[in-house]
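Down below is the structure, laid out as structure tokens.
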Amino acid sequence: MHLQPIIGIEIHIELKTQTKMFSAAPVTFAKEPNTQVNEMDLGYPGSLPTVNKQAVILGIWACKALNMQINSLLAFDRKHYFYPDLPKGYQLTQQKHPLGRNGYLLIDVNGKETKITINRLHLEEDTAKQIHTEQQTLLDYNRAGIPLIEVVTDPVIYDADTAVNYIETLRQTLLHLQVSDAKMNEGSMRCDINISLSTNKQDLNSARVEIKNLNSLFNVRKAIEFEIDRQSKLIKANKPLKHDETRRFDEKTKTTILMRVKDQAVDYKFLEEPNIVPISLDNEWINEVINDMALTYQQKLDKYVKVYKLNFNEVKLLLQNYELSQFFSDTIKYTKQYRLVLNVLIGGVSNYLKEKNITIKETKLTSFKLAKIIEILHSQFITQPQSKILLIYLLENDIGVESAIKTLKLEQINDEQTLENLMQPFIKENFDKLQKQDTTKNIRICMGYIMKVTKGQANPLIAQKVIQKLIDKFT
Amino acid sequence: MKKITIELLHKKLLNKEISVTSIVEEAIKKAKKYQEFNAIVHLFSTEVLELAKELDKQEISKDNYLFGIPYAIKDNLAVKGVVTSAGTKILRNFIPPYNSSVFNNLKEKAAVCIAKSTLDELGMGGTGLLSCTGHVLNPWNKKHIVGGSSSGSATLVALGVVPFALGTDTGDSIRNPASYVGVVGFKPTYGLISRYGLFSYAPSLDTIGVLTSSVRDCAIVMDALVKEDALDFSSQRATEKHYFKNISFDLSNYKLVIVKEVNNDLEDKPKKLWNRIIKKIQSQSVIIEEIEFPLELLQVLRSVYMIISYVEAASSQSNLTGINFGVRQGNELDDYQNIILKTRFQFGEIVKKRKIFGALALVDSNKQNLLLQAKKVRSKIVHYFEEIFTKYDAVLLPSANNCAPLISDVLENKLNNKNHIADDALLLANFAGSPSISIPIGLINELPFAMTINCSPFKDQKTLNIAYGIEKIVDFKAICPFRKEEK
């Protein structure tokens, strides 16, 4: 019997806003517990929600990038359940009118383009963080109220490869739009996997297992593989699941563990939020928001390859690191040497960052300075090896490019007279030796000398010209 | 009855006949004297006297009528640093770290809050008997209820402790107690006054309003409270301003109307009084016509209100779990579910019932038949109600079907058998979000009886003006210059 896994993915992504979804408290990461809160985030009586415009804007960007229909009616619903991490006793979400519907994301699975259809995207708020110790449960409300989008696919994924690929592509897409930091390890992107097994792709009636809160691509893959194996065995042993289940992934054993059997559907008693009068978004405003949008991952890839004529695989390498790709787009505001910028970033800079295990933001290099280095290199004012020394120096020191060149004594000596003056004594001294050898060898020896005495600062072309002249003169 | 008014106090302050300190001292003295009425849950004393002294050093502005004027605030409105418990046990240790916007607006005018007033638990009930701190008694006759839920606020104005008090009105919670104690109670247009800091009962209906002893005073306080507020997303910009400056008693340009079905519902004595007052107003060449309103819609007013408000209450008060604030019940062995359950057991019986009913109306299998149906009927009622204002300026309704009932009758549940259209008609203004003001029009069995004047949304000035005109014609103060005990 062939068993077909059918997978749908729900992803919660924290939006990169200054303040929370419904309050003016700041959105931060890893601050002292319960310091980034106000009365709204604590569910205190008398507090009222306001809508964060920036979160709506980022939500619209995400919808656009996922090719969704954008709902111009902005309305929120209360989703009720009693739980310690939910201060108001309900979560504000968009049950009835999600911001986006019916979209898709194109992903590249082993060179084959695959379309993942997306059912809905809605805005909601995060809950408080629970910290369980042996004796007690501690609550940190810093996270409560942080804006989230939830992106829900249709059940159109049939294997772990595609699932992982979809999540990573979505992550890159949202990261490049700066909708979110989308860091799975920090919890700003969390995945729930829904998976069932049946005899064919159309049969969605089998019991479904939801694996909650996966926090790495590795765990997503392991959880899916484990679930496919577990459910297959159950079906083959003629003991298929009777009810839907909620499970979690245990990192130690790489297995999924039952949390709850969903024999009864939970009734969340959705209620339209009466404190937020539904807002009709002006279409002109929505268009303005979309016009202000940064390039998506896909748009950047296309543009860099087609317009800047850069190598596809090298561009992909660049785009995988959002900060580096942002540095690239900042740098090319100052220089048109796209290929050189790309090579330096995915070459020297990347190697340096890897070696030091830091990000480009933690270095002293700015995009303006990098552009300057590239321009100087391009004009052959310095040599390739010199540019590497200069780059490292500027990664580590907060100093202007010209000053760095002076400090490092990297300025080329282009003045013929200076070079001639430096060269003359050497040729005079070694006149006999030089005469016996052939010209090519003579020039090489002389070049070696001039580079040595100038510490490589001599402009090679001019130096060669000067040497030729001197040798001709003396011989 | 020595009623004090803002206008009079302001005039005396301007003429330097009295000081802010003396006004505030007098208010505190009276508050203590009338302790037995249980209208106050927290009396400010030393801190407000210091504030009064500070104000006495300042120059009083001629146009700021609220300068140095003492008032009471209903205890479901947040005051920073002071226990605000909304009459519920769960919140008896709750100190909000923020002010309600209305408190801030009055502070800006240098009005002096001297007391937090008693209310029925979380604004629910409407008798004045349901606060966790005990019964509030009617100043006219202590055996009678004051109504509610703004029970303490109404009582304090009636007793002359303060010239004005803030209340909140979800179903009739300002106008009902105002009518039972013979003061003016105004529920303005929904959205004009910010709800920030108001402990929710039913957010789509909750409205903050004013209790005073004159309509003119009401206009003064409205000028301070009506302000668009970014903290309240349902806050709306007023189309009118300077309510006090524009107050006028001239009724000659208005067409008023009474509703046949509502008047028919009145018992003999109130009906007689009502008809007499209507005739008296008409005798001043004011047009009052009678119209019919679909009886079946009036009969379901209460049911619709119960479904919508109980659902919103069950939802809005889900935060009262004892997890991160409030009085937590349970012990170390209890899991979170037990803690929440035990904590919520502290609610009074009425509140518990309403929450259970509200939650039930919201579950999937009932939602369509109850909540969504109720919302539809609400729109239908509002449609009919607003239709009236295409032809008439204001609808006059009795504020209740009778004067304040006996506490014993209410406690023994003798009155609950039947609901009265005349009581329920006050809900029309809550459903429509429209302004409605209750003013006393006479006495029945030596207890006050009142009328509400209802206009269309955002016609708050018109509401105040018509009320002012009728107040003058009725001359309630002349009918009953003294309360029973002061005779």
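Only this structure's heavy atoms are used, side chains among them; waters, hydrogens and symmetry mates stay out. Sequence lines set the chain letters: A, B, ... in the order given, protein chains first and strands last, and positions in each chain run from 1.
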Cut-off 4.5 Å, heavy atoms of chain B, and the answer for A/L86 is neither
So, the part of B/L91 with a heavy atom under 4.5 Å from chain A: the answer is side chain
At a 3.5 Å cut-off, give me the donor-acceptor pairs between chain B and chain A, one pair per line with the distance.
residue : atom : partner : partner atom : Å
B/Y98   : OH   : A/P45   : O            : 2.4
B/R195  : NH1  : A/N275  : OD1          : 2.9
B/R195  : NH2  : A/N275  : OD1          : 2.9
B/Y196  : OH   : A/E39   : OE2          : 2.9
B/G197  : N    : A/G46   : O            : 2.7
B/S315  : OG   : A/R78   : NH1          : 2.6
B/S315  : OG   : A/H80   : NE2          : 2.6
B/S316  : OG   : A/R78   : NH1          : 3.0
B/N319  : N    : A/K88   : O            : 3.2
B/N319  : ND2  : A/G43   : O            : 2.8
B/N324  : ND2  : A/L42   : O            : 2.9
B/D364  : N    : A/D267  : OD2          : 2.7
B/K367  : NZ   : A/F270  : O            : 2.5

If we only count heavy atoms from C-beta on, is the A/F82 to B/L341 side-chain gap below 4.5 Å?
-> no
Bottom line for B/I323: the part with an atom under 4.5 Å from chain A's heavy atoms is side chain
So, the part of B/A361 with a heavy atom under 4.5 Å from chain A: the answer is neither
The interface call for A/L139 against chain B, heavy-atom contacts under 4.5 Å, is side chain
Cut-off 4.5 Å, heavy atoms of chain A, and the answer for B/L231 is backbone
The reported gap from CD1 in A/I211 to CD1 in A/I257 (rounded to nearest 0.5 angstrom) is 12.0 Å
Honestly, the part of B/L371 sitting under 4.5 Å from a heavy atom of chain A is side chain
Output for pair (A/I149 CD1, A/L121 CG), nearest 0.5 Å, gives 4.5 Å
Is any side-chain heavy atom of B/L360 closer than 4.5 Å to a side-chain heavy atom of B/L370? no
**Asked** Are B/L106 and B/L166 close enough that some pair of their side-chain heavy atoms sits under 4.5 Å apart?
**Response** yes
Shortest non-hydrogen pair, A/P45 vs B/F199, comes out as O-CE1, 3.3 Å
Item checked: Pairwise side-chain contact, B/L77 with B/F103, heavy-atom cut-off 4.5 Å (strictly under) -> no
Rounding to 0.5 Å, atoms CG (B/L122) and CD1 (B/I350) come to a distance of 12.5 Å
Value for CZ (B/F325) from CD1 (B/I90), rounded to nearest 0.5 Å, stands at 9.0 Å
